[in-house]
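Take a look at the following structure, please.
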Amino acid sequence: MALGRRSGLFALEKHFAFYGAYHSNKINIAIHVLFVWPIFFSALLILYFVPLPPLFNLQNLEFSMWENYVILVWNVGFLVALLYSVFYVSLDLKAGSLAALLCALCWIGSSFVASQLGLSLAWKVVLVVQIVCWTGQFIGHGVFEKRAPALLDNLIQAFVMGPFFVLLEATCLMQVLQTLFGYEPYPGFNSTVKAKVEANINEWQESKQKLIS
C-alpha cells in the first residue's frame with residue numbers, strides 16, 4: 001500500500017514537483033535516463049574500496065558468478081545503497097521498493113566490477129564515467145532545458161531524488177503503473193505534481209522575463 005501524503009523530508013509530492021520542474025524537456029529527460037544511474041553505479045564502484053569502520057566487523061560475502069569469484073564487501077558503498085533504499089521505501093512502499101531493488105543490484109554489480117578491475121583501474125573507469133555523465137547532463141540543461149540543473153538550487157535533494165525520479169517519472173513508469181494497475185502513491189498524486197511543476201516553471205519563466213526587461 002502507498003504510504004499516503006507525507007510532509008517534510010518524506011514529502012514525495014514535493015520532491016517530484018521540485019525535480020520535475022527542472023526536467024520538462026524530452027531530450028533533457030532522455031539524457032538523464034541514460035546518465036543518472038551510471039553516476040550512482042560508478043560512485044558505488046569506487047566506494048567498494050572504502051571500508052566501513054572496524055566497529056561493524058562484518059564478514060564479507062564470497063561466491064562465484066559466471067565463473068568469476070565475487071566478494072561483496074560491507075563497505076561505504078553498501079551503506080550508501082542502503083540509505084538510498086531505505087529513503088525510497090520510506091517515500092513510497094511500492095515504487096520505493098522497486099528503486100531499492102535497483103540500488104541493491106547496483107551495489108552487487110558494482111562490487112563485481114570493482115573486484116575484477118582492482119583499485120588501480122577502477123578509479124580511472126569511474127573518473128571517465130563521471131565526467132561523461134555529468135557533462136551530458138549539463139549539456140541537457142544548457143542546450144535543451146535552458147535552465148540550470150536542480151543541484152544548483154538544492155544539492156542534496158537533487159542528488160537523492162535524481163535516481164528515483166528518473167526510474168519512475170522520466171521513464172513514465174509511474175504512468176504505466178497507474179494505467180495498468182490503477183496505482184498512485186495516493187489519489188491525485190500525478191495531477192497534483194503536474195500542476196506544481198507547471199506552476200514552478202511559469203514562476204521561473206516570469207522571473208527570467210523580469211530580469212531581461
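What you see below is based on every heavy atom in this structure, not just the backbone, and it leaves out hydrogens, waters and symmetry mates.
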Path from Leu45 to Phe159 over hydrophobic side-chain contacts below 4.5 Å: yes
Stepwise side chain to side chain contact (heavy atoms under 4.5 Å, CB included) test for Trp107 and Leu72: CA-CA 9 Å; Trp107 176 64; Leu72 292 181; 3.9 Å; yes
Nearest-0.5 Å distance, CD1 of residue Ile39 to CZ of residue Phe35: 8.5 Å
CA sep, side-chain torsions, deciding dist, call: Ile201, Ser24, side chain to side chain contact (heavy atoms under 4.5 Å, CB included): CA-CA 9 Å; Ile201 293 175; Ser24 59; 3.8 Å; yes
Side-chain (His141) to main-chain (Arg147) donor-acceptor, under 3.5 angstrom: yes
Listed pairs under 3.5 Å, donor-acceptor, residues 75-83 side chains, sequence neighbours left out:
| unit_1 | atom_1 | unit_2 | atom_2 | d |
| --- | --- | --- | --- | --- |
| Asn75 | OD1 | Gly77 | N | 3.2 |
| Asn75 | OD1 | Phe78 | N | 2.9 |
| Asn75 | ND2 | Tyr48 | O | 2.9 |
| Asn75 | ND2 | Val73 | O | 3.3 |

side-chain hydrogen bond (donor to acceptor under 3.5 Å, both in side chains) against Asn25, all qualifying residues, sequence neighbours excluded: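 Per chain and number, Asn25 pairs via side-chain hydrogen bond (donor to acceptor under 3.5 Å, both in side chains) with no residue.
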In one Ile/Leu/Val/Met/Phe/Trp/Tyr side-chain cluster, 4.5 Å: Val89, Leu101: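 No; Leu101 is not reachable from Val89 via cluster members.
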pair Phe87-Met161: side-chain heavy atoms closer than 4.5 Å: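 In contact.
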Flag, side chain of Ser115 to backbone of Phe112, donor-acceptor distance under 3.5 Å: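 Flag set: sc Ser115 to bb Phe112 pair under 3.5 Å.
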Tyr19 ring center near His23 ring center (under 6.0 Å): yes
Results of side-chain contact (heavy atoms from CB on, under 4.5 Å) for Leu119 - residues two or more places apart only: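 Leu119 satisfies side-chain contact (heavy atoms from CB on, under 4.5 Å) with Ile46, Phe49 once adjacent residues are dropped.
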Nearest non-hydrogen partners of Gly162 and Val36, listed with the distance: C-CG1, 3.7 Å
Any Phe16 side-chain heavy atom under 4.5 Å of Phe164 side chain: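 Result yes, sub-4.5 Å side-chain heavy-atom pair found.
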Qualifying residues under side-chain contact (heavy atoms from CB on, under 4.5 Å), relative to Leu34, sequence neighbours excluded: none
Salt bridge (charged side-chain N to carboxylate O under 4.0 Å, His left out) partners of residues 123-146, not counting sequence neighbours, each pair once: none
Over all atoms of both residues, closest heavy-atom pair of Ser110 and Leu44: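 Smallest heavy-atom distance, with atoms named: OG-CB, 3.5 Å.
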Exam field: side chain Trp37 to backbone Pro163, donor-acceptor pair closer than 3.5 Å: yes
Side-chain (Asn200) to main-chain (Lys196) donor-acceptor, under 3.5 angstrom: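 Such a contact is absent between Asn200 side chain and Lys196 backbone.
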Atom of Ala17, atom of Val197 and distance for their closest heavy-atom approach: O-CG2, 3.6 Å
Same apolar cluster: Ile31 and Phe41, side chain cutoff 4.5 Å: no
Under 3.5 Å, sequence neighbours excluded: what are the donor-acceptor pairs made by side chains of residues 131-140?
| unit_1 | atom_1 | unit_2 | atom_2 | d |
| --- | --- | --- | --- | --- |
| Trp134 | NE1 | Gln130 | OE1 | 2.9 |
| Thr135 | OG1 | Ile131 | O | 2.6 |
| Gln137 | OE1 | His32 | NE2 | 3.1 |

Val166-Ile27 co-clustered via ILVMFWY side chain contacts under 4.5 Å: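 Not linked; separate clusters.
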Sequence-distant partners of Tyr22, side-chain hydrogen bond (donor to acceptor under 3.5 Å, both in side chains), two or more places apart: Asp153
Near-ring test Phe40/Tyr84, centroid separation under 6.0 angstrom: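 Yes; Phe40 has its ring centre under 6.0 Å from that of Tyr84.
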